[in-house]
Student: 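Quick one: this structure, given as structure tokens, is what I'll be asking you about.
Numbering starts at 1 and runs along the sequence shown.
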Amino acid sequence: MPLYSCDQVYSKELYNECMWCAYYKLRSYKKIVLVLIGVVLAAALIFVFLGKYVGAAIIALSMPIYPIILRNTINKQIDKAWESNTAYKNLNYHVDFYDTYYESVSKNGTNKIYYDKLFGILESEHALALMSGNNQGSMLAKNQMSEELIAFLKTKAKVIE
């Protein structure tokens with residue numbers, strides 16, 4: 001008999017939120033942006049030393065565009081991954097949570113994962129991902145889960161900050 005249960009839908013919104021959460025917490029999105037800005041500033045300084053002040057100004061003034069370009073590039077990657085994953089698009093699944101493991105059941109089959117094998121938990125405003133590795137996990141919409149279940153899961157694996 002499970003301790004907790006919930007029904008979920010593997011939606012594009014859930015996928016999108018979990019992927020952005022992973023970029024922020026696992027792939028160091030902020031570090032990438034800082035390195036990108038550092039490279040742009042270094043290029044601007046090189047232009048200054050070469051006496052190309054107009055080029056330096058253009059590079060420096062265009063700096064806010066680079067994080068936007070990076071964000072759009074990542075969004076395109078997420079969209080492409082979603083479109084290619086036909087087996088999970090809008091998939092309905094049921095998850096039962098036991099003391100030592102959880103089990104998800106869908107038309108694609110059954111998956112059983114022990115909590116002690118989890119890499120960690122990613123949490124965003126509306127989603128929770130039980131990560132079995134740094135690039136794969138079970139995505140769960142928090143609005144389909146009780147507060148007690150969320151608290152229970154946080155005792156079973158570390159929350160990745």
Student: Which ILVMFWY residues can you reach from Val48 by hopping between side chains whose heavy atoms are under 4.5 Å apart?
Tutor: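 Members other than Val48 - counting any ILVMFWY side chain reachable under 4.5 Å - are Tyr53.
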
Student: With side chain to side chain contact (heavy atoms under 4.5 Å, CB included) as the test, would you mind laying out the steps for Met131 and Leu118 before giving the verdict?
Tutor: CA-CA 6 Å; Met131 302 299 291; Leu118 289 176; 5.9 Å; no

Student: What's the separation between atom CD in Glu147 and atom CZ in Phe152, rounded to the nearest 0.5 Å?
Tutor: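 Atom-to-atom, Glu147:CD and Phe152:CZ are 15.0 Å apart.
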
Student: How close do Ser104 and Val95 get, heavy atom to heavy atom, and via which atoms?
Tutor: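 Between these two residues, the closest heavy atoms are CB-CG2, 4.0 Å.
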
Student: From the options Val35, Val40, Leu41, select the one residue that forms a side chain to side chain contact (heavy atoms under 4.5 Å, CB included) with Ile37.
Tutor: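 Looking at Val35, Val40, Leu41, the match for Ile37 under the side chain to side chain contact (heavy atoms under 4.5 Å, CB included) is Leu41.
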
Student: Within the distance-only criterion (no hydrogens, no angle test), does the side chain of Tyr115 pair as donor or acceptor with the backbone N or O of Tyr101 below 3.5 angstrom?
Tutor: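 At least one qualifying donor-acceptor pair exists.
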
Student: Please list all pairs passing the side chain to side chain donor-acceptor pair (under 3.5 Å) test where one or both residues lie in residues 83-96, with sequence neighbours left out.
Tutor: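 For residues 83-96, and leaving out neighbouring residues, the side chain to side chain donor-acceptor pair (under 3.5 Å) pairs sorted by first residue read Ser5-Asp96, Asp7-His94, Glu83-Lys89, His94-Asp96.
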
Student: Checking side chain to side chain contact (heavy atoms under 4.5 Å, CB included) for the pair Asp99/Lys156: CA distance, chi angles, key distance, verdict?
Tutor: CA-CA 9 Å; Asp99 192 40; Lys156 296 298 182 180; 3.4 Å; yes

Student: Indicate the atoms forming the closest heavy-atom contact of Pro64 with Leu61, along with that distance.
Tutor: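 Pro64 and Leu61 have their closest heavy atoms at CD-O, 3.3 Å.
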
Student: With the 4.5 Å side-chain cut-off for hydrophobic clustering, are Leu36 and Ile46 part of the same group?
Tutor: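 No.
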
Student: Using a 4.5 Å cut-off on heavy atoms from C-beta on, say whether the side chain of Ser146 contacts that of Tyr4.
Tutor: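 In short, these two side chains touch, coming nearer than 4.5 Å.
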
Student: Is the shortest side-chain heavy-atom distance between Leu91 and Val9 below 4.5 Å?
Tutor: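 With C-beta onward as the side chain, the pair stays apart.
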
Student: Are Leu128 and Leu122 close enough that some pair of their side-chain heavy atoms sits under 4.5 Å apart?
Tutor: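 No. Closest side-chain heavy atoms not under 4.5 Å.
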
Student: Can you tell me how far apart CD1 (Ile74) and CZ (Arg71) are? Round to the nearest 0.5 Å.
Tutor: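 So the gap between those two atoms works out to 8.0 Å.
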
Student: When the ring planes of Tyr10 and Trp82 are compared, do they come out parallel, tilted or perpendicular, using 30° and 60° as the limits?
Tutor: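 Parallel: the ring planes of Tyr10 and Trp82 meet at under 30°.
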
Student: For the residue pair Asn75 and Trp20, confirm or rule out a side-chain donor-acceptor distance under 3.5 Å.
Tutor: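 Result is yes, a qualifying pair exists.
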
Student: Just jot down the side chain to side chain donor-acceptor pair (under 3.5 Å) partners of Ser138, sequence neighbours excluded, or say none.
Tutor: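 Here the qualifying residues are Tyr102.
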
Student: How close do Gln8 and Cys6 get, heavy atom to heavy atom, and via which atoms?
Tutor: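 The answer is NE2-SG, 3.6 Å.
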
Student: Could you give the distance from CG (Leu3) to CZ (Phe97), rounded to the nearest 0.5 Å?
Tutor: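 So the gap between those two atoms works out to 10.5 Å.
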
Student: Looking at CD1 of Ile78 and OH of Tyr15, how far apart are the two atoms once the value is rounded to the nearest 0.5 Å?
Tutor: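 It comes to 7.0 Å.
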
Student: Using modelled atom types and a 3.5 Å cut-off, is there a donor and acceptor pairing between side-chain atoms of Ser11 and backbone atoms of Leu14?
Tutor: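 Yes: the side chain of Ser11 pairs with the backbone of Leu14.
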
Student: Counting C-beta onward and ignoring hydrogens, is there a side-chain heavy-atom pair between Tyr98 and Pro2 closer than 4.5 Å?
Tutor: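 Tyr98 reaches Pro2 side chain to side chain.
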
Student: Check this for me, if you would: do Lys12 and Asp79 make a salt bridge, where the nitrogen-to-carboxylate-oxygen distance has to be below 4.0 angstrom?
Tutor: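 The answer is yes: the pair qualifies as a salt bridge.
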
Student: What residues form a side chain to side chain donor-acceptor pair (under 3.5 Å) with Glu17, not counting sequence neighbours?
Tutor: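 Side chain to side chain donor-acceptor pair (under 3.5 Å) check on Glu17 returns Ser124, His126.
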
Student: Does Lys154 have any salt bridge (charged side-chain N to carboxylate O under 4.0 Å, His left out) partners at least two apart in sequence or in another chain, and if so, which?
Tutor: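 Testing Lys154 for salt bridge (charged side-chain N to carboxylate O under 4.0 Å, His left out), a comparison that skips the adjacent residues, returns Glu123.
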
Student: Taking the side chain as everything from C-beta on, heavy atoms only, tell me whether Ile113 gets closer than 4.5 Å to Leu130.
Tutor: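 Contact flag for Ile113/Leu130 side chains = no.
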
Student: With a cutoff of under 4.5 Å between side-chain heavy atoms, which Ile, Leu, Val, Met, Phe, Trp and Tyr residues group with Ile58?
Tutor: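 Val54, all in the cluster of Ile58.
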
Student: Heavy atoms, side chains only, cut-off 4.5 Å: are Leu153 and Met145 in contact?
Tutor: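 Of all side-chain heavy-atom pairs linking Met145 with Leu153, at least one is under 4.5 Å.
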
Student: Supply the atom-to-atom distance Cys18 SG to Leu140 CG, rounded to the nearest 0.5 angstrom.
Tutor: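 The distance works out to 7.5 Å.
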
Student: When you compare the side chain of Ile121 with that of Lys158, does any pair of heavy atoms fall below 4.5 Å?
Tutor: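 With C-beta onward as the side chain, the pair stays apart.
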
